[in-house]
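Here is the structure we will look at, set down as structure tokens.
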Amino acid sequence: MHEFDARTPTTTHEVALDCLRAGVESVRPERVVRDAVALDGDTLTVAETTYDCSDYDRILVVGGGKAGDGVADALEELLGDRIDDGVVVTPDPGDGTRIRRLPGDHPVPSDRGVESTRRLIDLVSDLDERTLVLVAVTGGASAILPAPATGVSLSDLRETTELLLESGAEIDDLNAVRKHLSTLKGGGLARLAAPATVVGLVLSDVVGNDLGVIASGPTAPDETTFDDALDVLDRFDLDVPRSVRTRLASGSAGEIPETPKPGDSVFDRVTNHVLADAFTALDAARTVARDSGYDPLILSSRVRGEAREAAKTHVAVAEEIRATGNPLDAPAVILSGGECTVTVRGDGQGGPNLEFCLEAAPDLPDGTVLASIDSDGKDGGTDVAGALVDAETVERREANASLARNDALPVLRDTDALVETGPTGTNVNDLRVLVVEPTEFC
């Protein structure tokens, strides 16, 4: 997961990495589905809800996202030939026996994603009440499952997505726009599948687990409007393609039907189950920290905002522990999750977790290690998960120069601070581990 080519790792570094590994392992979709979904005769149990398979003539599995392939694997193992058909779209599709695995791309939607999504739409259209649809709703599906609305081309959708990502917009704002430019998002899949019974198997990559935001809410009511989408474009002063402005303005004027809202009859036979989220991962990391002899604390699973500002707060927590023993006495492990953002001003390489670590490193107290990764194994547009740093990683002047260019990746690579996992097959957003040793340890 991480190589220390330039220096010998300390116990402190290893503890941080062990916490990260445990966090990611706890939210792998195969494990999550195995723990939450069971079949006993004809009774299918999802979380605490039961479904009688004898009530249905067909069982379909659809959906996608970064964890979609793992969910499909687990459901095939559990249900076998009870599954009649399925389409799951993922960045690196595997092979299935009952469920077709098709390709899509993240974070920017692609032509192959559109084609794959079209086949999913064909499968869920014109269903009846004797169909049970199990939907894998996992992080990244907003881009991986693109279905541009009438009048909006894929290139226009791609350009709009890129502008939103570079603006520093948080996921709620990003999805308010995307839901109004898509056929599936914002309850669109539920509307297509009605009156079938729809069961959402959700792995949340969204702070607060808002079902309307995870994967842009394909099976959830949409509380945002065309007006909200226009407000996002105006707030971030985005020069989006004309077709996007035209569609959103037409929707605002009532010329295009809104996405289905709470209380809409299309949700009468829809149930969504959040099977794993950032807190799931943090809880597993907390157990590892405690077993390693550290006093653990989950600071929050909902940290958001600019990565550099969040980094300063985590440094302050480390300083407080060393100075006053609050909120814990060292040795301590502070854990956090959530989703930070970066406002792009330069043309360098990096992502929120890399910028978080680079901002924090020069100010960390001695005897303190900080690790931050994106649980999917790719931080922003990079192919690395994140980094693990301490006070010796980089000096402030070099850090500032790299941050000004949004170029955190090269300096962290040069100092052997990168954490590289490869695609993890899951996603519950950022995981951060702050390990603080007592003064006498240093």
Side-chain angles (χ1 to χ4, degrees), residues 1 21 23-39 44 46 58-124 132-147 184 189 199-205 214-215 218-219 275-276 280-281 373-378 383-385 420-429:
M1 192 172 187
R21 290 189 185 98
V24 171
E25 286 297 323
S26 73
V27 293
R28 289 192 184 277
E30 298 88 341
R31 176 173 176 174
V32 169
V33 173
R34 184 178 67 246
D35 290 346
V37 184
L39 182 67
L44 177 67
V46 181
R58 300 176 73 204
I59 297 178
L60 308 178
V61 177
V62 299
K66 296 174 184 178
D69 214 37
V71 173
D73 286 341
L75 290 176
E76 284 191 344
E77 181 178 350
L78 177 69
L79 296 173
D81 59 9
R82 286 178 181 265
I83 299 173
D84 294 283
D85 201 351
V87 171
V88 170
V89 185
T90 70
D92 300 295
D95 297 319
T97 56
R98 311 290 296 185
I99 304 166
R100 288 171 280 166
R101 318 299 174 84
L102 302 178
D105 292 284
H106 184 275
V108 180
S110 65
D111 286 311
R112 68 176 189 165
V114 170
E115 178 56 33
S116 298
T117 306
R118 184 176 297 118
R119 293 169 69 178
L120 185 156
I121 289 172
D122 289 343
L123 182 61
V124 300
L132 175 64
V133 185
L134 305 178
V135 186
V137 182
T138 78
S142 293
I144 294 165
L145 281 167
L184 283 185
L189 194 156
V199 182
L201 308 179
V202 184
L203 275 70
S204 173
D205 66 335
I214 303 165
T219 57
L275 306 184
T280 309
I373 66 167
D374 193 322
S375 57
D376 69 357
K378 297 180 68 174
D383 289 323
V384 303
E420 300 182 74
T421 65
T424 63
T426 192
N427 185 34
V428 293
N429 275 333

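Counting only heavy atoms from C-beta outward, the side chains of V137 and P218 approach each other to under 4.5 Å. In this structure, L79 and L39 have side chains that are in contact, with non-hydrogen atoms separated by less than 4.5 Å. Residues D85 and R100 are in side-chain contact: their nearest non-hydrogen atoms beyond the backbone lie under 4.5 Å apart. A 4.5 Å side-chain heavy-atom check between N427 and D374 finds at least one atom pair inside the cut-off. Contact check for L44 versus L134: side-chain heavy atoms found under the 4.5 Å cut-off. Looking at V135 and V202, their side chains never come closer than 4.5 Å, going by heavy atoms from C-beta outward. Looking at K378 and D383, their side chains come closer than 4.5 Å, going by heavy atoms from C-beta outward. V384 places none of its side-chain heavy atoms less than 4.5 Å from the side chain of T421.
Closest non-hydrogen pair, I121 versus A147, comes out as CD1-CB, 3.9 Å. When all heavy atoms are compared, the tightest approach of G64 to L145 is N-CD1, 3.9 Å. In terms of heavy atoms, A276 sits closest to V32 at CB-CG2, 3.7 Å. When all heavy atoms of A215 and A141 are compared, the pair lying nearest together is CB-CB, 3.6 Å. S110 approaches P146 most closely through the heavy-atom pair O-CG, 4.0 Å. When all heavy atoms are compared, the tightest approach of V62 to V88 is C-CG2, 4.1 Å.
Between the OG1 atom in T117 and the CD1 atom in I144 there is a gap of 9.5 Å [rounded to 0.5 Å]. Residue K66 holds its NZ atom at 12.0 Å from OG1 of T90, rounded to the nearest 0.5 Å. Considering CZ of R119 and CD of E115, their distance stands at 6.5 Å, rounded to 0.5 Å. From L60, atom CG reaches atom CG of L123 across 5.0 Å, with rounding to the nearest 0.5 Å.
With salt bridges taken as basic N to acidic carboxylate O contacts below 4.0 Å, one links D69 and R101. Under 4.0 Å is where a charged nitrogen must lie from a carboxylate oxygen, and between D105 and R112 at least one such pair does.
No donor-acceptor pair closer than 3.5 Å links the side chain of S116 to the backbone N or O of G104. For E76 (side chain) and T97 (main-chain N/O), a donor-acceptor pair under 3.5 Å exists by modelled atom type. In this structure, the side chain of R28 engages the main chain of T424 through a donor-acceptor pair within 3.5 Å. At least one donor-acceptor pair under 3.5 Å links the side chain of D84 to the backbone N or O of I59. Of the possible donor and acceptor atoms, none in the side chain of T138 sits under 3.5 Å from a partner among the backbone N and O of L203. Side chain of T426 to main chain of V27: a donor-acceptor pair is present (N/O by atom type, distance under 3.5 Å, no hydrogens or angles).
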